[in-house]
Amino acid sequence: MRRFSYAYPATRAPALDDVDLELADGEFVVVAGRSGSGKSSLLRALCGLIPHYQGGVAAGELRVAGLDVRDSGPAELGGLVGLVGQDPEAQVVSATVRSELELPLELRGESDGARARAVEEVTLALGIAHLIDRPTDALSGGELQRVALASALVLRPRLILLDEPTSQLDPVAGNELIGLLRRLNEEWGMGVVIAEHRLERCLAAADRVVALAGGGIAFDGSPCELGEWAAAADPSLLTPAMRLFELAGVRPFPVAAKDARRILDAQAIVLPPPRERLPVDDAPLSGHGSEAAARPALSCRGLWVELDAGAGLREVLRGLALEIAPGERVALMGRNGAGKSTLLRAAAGLVEVARGRLEAPAGIALLPQSPSDLFVRERVVEELPGESGRQALATVGLEWAGDCDPRDLSGGERERLALAIVMAGRNEQRPGAVALDEPTRGMDAARKGELCEWLAELAAAGSAIVVATHDVEFAARFADRVILLGDGELIADGRADEILSGGWYFATEVARILGGEGAITPEQGAAAIADARAASPGSRVLR
Amino acid sequence: MRSAIAYSPKPGAFGRVGALAASVYLGSLAVAAFVYSNPLVLAALAAATVVAGLLCGAGRALKTSARWAAILGVFIVAVNAIASQRGDTVLVRGWELPVLGQLDVSGEALIEGGLLALRIGVVLGIFAIHSACVDPDRIMRLLRPLARHSAMTASLVTRLVPLAAADHARLREAAALRGPGAAAVGRAAIVRRLVAGSLDRAVDVAAALELRGYAHGAPRRSGSQRRSRHDWRFAAAGIAIVVVAASARIAGVGDFNAYPTTELDARMPTLALALALPVLAALPFAGLERAKSSSRASRERRG
């Protein structure tokens, strides 16, 4: 890219502004940046969708593998560049997985043998051989994401572009995907450009990081250099490991957990055994005291839910029993298909309970995975009319937005408006429980912080907050209790610092660096390091 | 929950048959249904459709199509009874209307309406089996070299239908989640939102098609279809059904006149044709069942 700029149709502000970027063959590049910084536009330009497909105004030069993107459209570039977008549902165009994978090969006139071999290899590489004859509309989000990736890889492109590919995946599947991309990159020299908000997931695999701000390149360097730049220019791009080092005053900034442990070891910072690190608190989890314990905001006993996604009835929740007190902040975690969303949907009355008891005595407001589904009118005040609507808007701090179109609000404001819509008129705008299904999908760190504050306020006002999420770092920041589901059953339930530090996958980066139970957030980790320093004066601090 | 007529790969032999052979087999029954009005032959074709559907593993799809056919059938019989003013056997003498004249209901009109409904039922059943058992992408692949742009439009629509269904389900759920203080959302609002969202969806899906290479130029040749060793059985059965039905028709077998009085050919050749059609429809499965039971028997012997 040489001085490449682009503006979408009917907009003045450029989505990409004077970008100079050269990607070498076989590089693994992470594109970082806040929401709206131009990450998706950059990827769309690299595969020719911009400007050929999107329209708009482009200026400057853009060449991919020697082809001028102004002359060669996405179809010509398709054999060289593959794109996996944010929404896998909109990227899969065939009825079965096999047809989906064969389509690009067939359109390029590949022979039967070449097609069969390419499909066989890509399904084995991505571990989706068992899905090959399944209909695409019967796949889960994670499975669809893999099929979309396989479809982009089946032509063995030289460069693969991925736009937040892990946003719908659980930590296990997310790590597997990054590992797979690294393997393709190392063994086959395939270039990888991945736009991600959860940098801690992919930084260790990257050769280079490009950070965008306002459509331009704000940083272009190695992952090792990112920490220094982000600490000074945009702290929201610091990974939890970098934030830990920033708060603890330890330098240099680490790239990932292994790197962080090496630096701490080198500086002779020896942490005490985990159990001695934090005072053990045997008090019940937060909530509003004994009154809360007597009357839970959400409870279930022997809960069974069966759903039919087209292949017959499947037990999605199997004899679940739990209680959530008013004011508690609970993260509901587990792998894709573990039953998290189903539990919330059952609590909100969207799916039938096959057996058992499920109660939310003071009501439950559920924010669905896609909050914009709640916006069906063109003015905020039309969504929330009357006095109860006004009160609901005031509760989320949007009383000024009555005449705005909901789609014109910022991402955080839209989230708050959606919350106001589901809470309006319930128990004087304060339902007993507020549930959110994957609210941080595609959110940058700044918006996650804003959401955390809102949820904390709601909890302080007495509502139990239940968030189904794959985002371990968000859960550590928001929750005081974590419930882990596996195959529809409760497999762990306890304090966030216990659950999010005790496993391999459902553990925060800080917990993986410091090892064992106790510190899961950068703030807690920094406190533990400060204690360690005080206990062993020999440790050095590099500034 | 997925629709009963949505395609899903079927485990039996028919599930492995190529799209062309499957279409020839099922299409032959539809052709025969359009060629004949004789109730004996149509009833035989209905039986053949049920036999084929059950052996293909499309029982649920058949049940769904039967429900549609029943509703449509009642409508067709009622409309034909009023619209067709022919027939000697007047059952109900109607009113004298200024423009339409006298409206009578004759026994012949009722019979003809019933036969039309039966024919529509057979065709709907065949369509349902085809939709549930034959991969639409393989059909599209057959058509692509003949009409590339139409095939692309069809691909887009084929993908947009399940997406729109999923979006509709999500919007309906979101409407149910609104608090009592929020404005209620009716069907019209959901449909409006769905249509607006469908345009975005169409753009996304079209972008995905573009990246897959639809604009790359027509494939030099149609990719050869995935074949099964059973293709010839179903194709041969389909061709046999068309040949038998057409030959018999040319020979004047299975004549039927609804008006002015119902005349039905129920001679031996017609009965033979009515017997032959379900047998021909079941024939491609017969050997397979034997093969399955003989392999089970040999396994049991080995065990």
Side-chain angles (χ1 to χ4, degrees), chain A residues 47 49 53 73-76 78-79 82-83 85 87 89-96 99 102-104 106-109 112 115 133-135 137-138 151-152 308-310 345 348-350 365-368 370 373-374 376-377 382-386 388-389 391-392 421-426 429, chain B residues 1-3 6-9 15 135-138 140-141 144 155-156 158-159 162-163 165-167 170-183 185-186 189-190 192-193 197 200-201 203-224 226:
Chain A
C47 66
L49 284 176
Y53 193 78
E76 285 82 15
L83 173 72
D87 180 5
E89 262 196 358
Q91 295 170 75
V92 172
V93 293
S94 305
T96 64
S99 301
E102 284 182 346
L103 181 66
E106 188 198 323
L107 289 169
R108 283 170 175 77
D112 293 351
R115 278 188 352 226
D133 285 319
R134 290 261 299 272
D137 59 356
S151 193
D308 184 358
R345 293 172 73 232
L350 294 178
L366 169 62
L367 190 67
S370 172
D373 287 346
L374 289 158
V376 290
R377 293 185 171 80
E382 289 168 6
E383 298 282 8
L384 290 164
S388 66
Q391 279 179 21
I421 290 173
V422 294
M423 294 197 310
R426 289 188 206 269
Q429 327 303 333
Chain B
M1 191 172 160
R2 300 180 76 235
S3 161
Y7 168 71
S8 63
D135 184 347
D137 294 321
R138 296 193 183 282
M140 230 68 86
R141 199 172 290 171
R144 204 171 289 139
S155 294
L156 193 58
T158 311
R159 183 61 196 144
L163 276 179
D167 287 347
R170 261 199 358 256
L171 288 171
R172 241 181 28 201
E173 281 200 351
L177 292 172
R178 295 168 79 89
V185 174
I190 291 181
R192 244 192 341 263
R193 173 77 166 73
D200 292 338
R201 282 293 202 189
V203 169
D204 289 343
V205 174
L209 283 170
E210 184 90 0
L211 286 167
R212 299 284 183 276
Y214 249 101
H216 199 253
R220 284 186 288 278
R221 60 190 178 84
S222 163
S224 66
R226 199 163 171 238

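Since this is a predicted model, take the numbers as computed values, not measurements. Within every chain, numbering begins at 1; the chains are lettered A, B, ... in the order of the sequence lines, protein sequences first and strands thereafter.
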Once you round to the nearest 0.5 Å, how far does CZ of B/Arg172 lie from CG of A/Leu350?
10.5 Å
Do you know which of B/Leu209, B/Val185, B/Leu211 has the most heavy-atom pairs under 4.5 Å to chain A?
B/Leu211
Most chain B-contacting option - heavy-atom pairs closer than 4.5 Å, from A/Val92, A/Leu367, A/Leu83:
A/Val92
With respect to chain A, which residue among B/Ala176, B/Gly181, B/Ala174 yields the maximal number of heavy-atom pairs within a distance under 4.5 Å?
B/Gly181
Chain B: which of A/Gly386, A/Ser151, A/Ala365, A/Cys47 shares the most heavy-atom pairs with it under 4.5 Å?
A/Ser151
Please report the shortest heavy-atom distance between A/Arg426 and B/Pro180, naming the atom on each side.
CG-CD, 3.5 Å
How far does CG of A/Asp133 sit from CG of B/Asp135, to the nearest 0.5 angstrom?
9.0 Å
Quick one, B/Arg138 with A/Glu102, criterion side chain to side chain contact (heavy atoms under 4.5 Å, CB included). Give me CA distance, side-chain angles, the key distance, then yes/no.
CA-CA 11 Å; B/Arg138 296 193 183 282; A/Glu102 284 182 346; 4.3 Å; yes
Which is it for A/Glu383 and B/Arg178 under the side chain to side chain contact (heavy atoms under 4.5 Å, CB included) test, yes or no, and what are the steps along the way?
CA-CA 10 Å; A/Glu383 298 282 8; B/Arg178 295 168 79 89; 2.6 Å; yes
At a heavy-atom distance under 4.5 Å, which candidate from B/Asp167, B/Ile190, B/Val203 has the highest pair count against chain A?
B/Val203
Part of B/Arg212 within contact of chain A (heavy atom distance under 4.5 Å)
both
With A/Gln91 via side chain to side chain donor-acceptor pair (under 3.5 Å) - residues at least two apart:
none
Are A/Arg134 and A/Thr96 linked by a side-chain donor-acceptor pair shorter than 3.5 Å?
no
Side chain / backbone / both / neither for A/Ile421 at chain B, heavy atoms under 4.5 Å:
both
Locate the shortest heavy-atom distance separating B/Ala183 from A/Pro385; write the atom from each residue and the value.
N-CD, 3.6 Å
Among A/Ser370, A/Ser94, A/Gly78, which residue has the highest count of heavy-atom pairs closer than 4.5 Å to chain B?
A/Ser94
Closest-packed option against chain B by number of heavy-atom pairs under 4.5 Å, given A/Ser99, A/Gly349, A/Ala348
A/Ser99
Among B/Ala189, B/Ala206, B/Gly15, which residue has the highest count of heavy-atom pairs closer than 4.5 Å to chain A?
B/Ala206
Given that the side chain runs from C-beta out, which part of B/Arg201 has a heavy atom under 4.5 Å from chain A: side chain, backbone, both or neither?
side chain
